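Accompanying notes for the structure given below.
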Amino acid sequence: MEPREIEPSTSRPVGTRGRFDSPEAVQVAKTAMGAQPEPEPEGRADGPGDEELLAAPDRGSADELLDAGAHDELDAMRHSTAHVMAEAVLDLFPGAKLGIGPAVADGFYYDFQLPRALTPADLEAIEARMRESVAADHRFVRREVPFDDGRAAVEGAGQVFKVEILDDLAAKAKAAGEPSPAITFYEHGPFSDLCRGPHVASTGKIGAFKLLSVAGAYWRGDEKRPMLQRIYGTVWRTEQELENFLWRREEARKRDHRRLGVQLDLFSFHDVSPGAAFWHPKGQRLWRILEDSMRELQARRGYTEVSTPIVVSERLWRQSGHWDLYRENMFLIESEGQTFSLKPMNCPESTFIYRSKLRSYRDLPLRFSEFGRLHRNERSGTLAGLTRVRQFIQDDAHLYVRPDQLTDEIIALLGEVMESYGWFGLQPRFSFATKPDKAIGDPALWERAEQLTREAFAAADISYELKPKDGTFYAPKIDIYIDDALGREWQMATIQIDLTMLPERFDLTYIDESGKAVRPIAIHRAIYGSLERFIGILIEHFAGAFPLWLAPVQAVVIPIADRHLAPAGELAGVLRARARPGAEGAVHARPRRPGGRGEDGRSPYESRGAAGGRGLGCPGRPPRRGGGRQGRVTDERQCTLIVYVMPALKSKIGNSS
RNA sequence: GCCGACAUAGCUCAGCGGUAGAGCAGCUGUUUCGUAAACAGCAGGUCCUCGGUUCAAAUCCGAGUGUCGGCUCCA
């Protein structure tokens, strides 16, 4: 097998380069029209005005607003605000039981057990009460008491959840052979709370805050424990910072893929199949571009593609171990007295292909890729757009390698992630999850797989976050994460080193140099992960304005008057013929003022763009962000067409809202 | 699954016991135009589903379905 190398790349996938992705695109159009040469239009993608679209970067991110030191100060303020909120809630709901109330990324929350559900009006009342406390400028006072006194005080106040926290602390200390620690309280005005601190000096130091939402939250995240009501809030040092935060939050909402997906006409969801997307023509085009790009990468890196059945007997899942450990997430089908399942993973089936003939050490590594359609019965409350679905397709692959090939193979896989994520300008974060409690297989094999993985990370010079006990039941795994527009973290790619499940449970062997049958190592990997989720992330990442090589519609021709219709159709035909396979060169069906609305009203593609007055080379607005060009062509019939080579996003996303 | 909210035209929403509304998009006509919405008209609805209360239900009540915000960043 040819050597494979790590090659972080920022270029697009080979072979998917759009033919319009160049200044000559406009020239193509002109040539097609039989027009005289004209000066290049002046619109440039990097011109001013682009940022109006989603101007979040203009105001900076939350992180940019604050240096590292300020973070601690803000955290203290956030935690202090949580205390003030608890004071207000206790005031309005005497007898409320307090859970925990930490500072979080952009604010804070506090969990309460209350006699009734909170309403938006309650939040307003709580906020008003909080303002009084802030105006009173109560000092925060730290008080340390012996453990037993503290526990008695908390128990006397009826704070059962706090008692539980203290008892856990005591138990932990005991396990470590230490005495129960002293307890600290923080008091401000009438309110006292068990707390480690630190806090700001007084409630008057609390800045601009706002309560955001109320949500259910199980005590300690355990669905067998009571459901508490969690109030989320945010607090900033100044009104300006608070406003900026709320503004950024609103902007982030506008690039939510669920919203843009409708506007871009990419996909829709329907209640006849919850958690499964219906892909529209443009969405399917985008899909195919991604798929083809990955196929090209895989062909270059020594993969071969396979395809395995979706409906599979329970016997397979018993053998693989999924039946015991994953059954609750599987869709089951009964037929003629047999139980089948829709496959939730591709992995076991690839072993049938492996075992279809005798394998030699010379055959390895074998790299079987599969764009398999998977079904997982996710709990109804967790479904969310494309990022959490019940049916999805993975760019999956199973590699069968000799032990001496493992480290190089992992290094190459890390390289695949770096290369492909570079196509999109995505910044992946890596984690390494080790053996969970619920694991199958020999612990010594686990130890070995984990060791080899660590070595591969070191060799590839990639840093990672260690997640102890977070591996799958059959393999330690490397996960790759991306944040979405709303700051939520999503797992994308995964690489799992399997010494047990496929090799042992399916009795895989190859014949080594001495003629002996030995076990290969299996590697499960997906680079995009779920194509659905990946597309969701891409929509938000690009705010719907895809780079040209990804864009489902690469060019739009806009006739201005009836006499333009025929040549426009002609030109669109030429553009279609020269577009990247799968993309579209579209023409407006009827004459439009070029300053009018977008392509056809449902599309986000901008039909407004550059140029101001009459004549050539006029300065004006460039096409929107993401890079693109617009040009004019005038032919011998004096037909002037405006050609947008780059689709661009509507200026006001969801302008009607 | 659990807690809470929501579900009205293709989209975004108003209406909240008494004949179903707006903007945008669509269609027709006028306009034929050089860049941040030309003009006029028309059409468009099991008000999510089922059941109940009522003389009368989009509106109130119940159940179901779906969607949205959440469900340990750990005193």
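The structure presented is a predicted model; accordingly, all values stated were derived computationally and were not measured.
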Practice task
Using the C1' atom as the reference point in each nucleotide, state the distance between C16(B) and U31(B) in Å, no decimals.
Solution key: 43 Å
Exercise for the section: Identify whether NZ of Lys or CZ of Arg in R225(A) sits under 6.0 Å from the centre of the six-membered ring of Y218(A) and within 45° of that ring's axis. Expected result: no
Exercise for the section: Using the P atom on both, measure U8(B) against U49(B) and round to a whole Å. Expected result: 10 Å
Practice task
Apply salt bridge (charged side-chain N to carboxylate O under 4.0 Å, His left out) to R376(A) and list each qualifying residue two or more places apart in sequence or on a separate chain.
Solution key: none
Fill in the blank from the handout: Residues at least two apart in sequence or cross-chain that pass salt bridge (charged side-chain N to carboxylate O under 4.0 Å, His left out) with R151(A), listed by chain then number, are E155(A), D167(A)
Practice task
Could I get the full list of salt bridge (charged side-chain N to carboxylate O under 4.0 Å, His left out) partners for E124(A), not counting sequence neighbours?
Solution key: none
Problem - Separation of the C1' atoms in G26(B) and A9(B), to the nearest angstrom - result: 11 Å
Problem - Below 4.0 Å: OP1/OP2 of U67(B) and any side-chain N or O of R258(A) - result: no
Practice task
Assign I165(A) to base, sugar-phosphate, or nothing according to its heavy-atom contacts below 4.0 angstrom with the strands shown.
Solution key: sugar-phosphate
Completion exercise
Quick note, L169(A) side chain, CB onward, closest among A75(B), U67(B), C73(B) is A75(B)
Problem - Structure string for RNA chain B in dot-bracket form, Watson-Crick and G-U at under 3.5 Å, | interchain - result: (((((((..((((....[..)))).(((((.......))))).....(((((..]....))))))))))))....
Practice task
For C13(B) and A75(B), measure between their P atoms and round to the nearest Å.
Solution key: 39 Å
Handout entry: W279(A) and E532(A), any side-chain heavy atoms less than 4.5 Å apart
Key = yes
Handout entry: OP1 or OP2 of A75(B) under 4.0 Å from side-chain N/O of R196(A)
Key = yes
Practice task
Would you jot down, in residue-number order, the residues of residues 267-281 of chain A having a non-hydrogen atom under 4.0 Å from RNA chain B?
Solution key: D271(A), P274(A), G275(A)
Please list each protein N or O that sits under 3.5 Å from an N or O in nucleotides 2-5 of chain B, with the distance.
residue: C2(B); atom: O4'; partner: Y218(A); partner atom: OH; Å: 3.1
residue: C2(B); atom: N1; partner: Y218(A); partner atom: OH; Å: 3.4
residue: C2(B); atom: O2; partner: Y218(A); partner atom: OH; Å: 3.3
residue: C3(B); atom: O2; partner: G216(A); partner atom: N; Å: 3.1

Practice task
May I ask you to say what G385(A) touches in the nucleic acid, namely base, sugar-phosphate or nothing, with a heavy-atom cut-off under 4.0 Å?
Solution key: sugar-phosphate
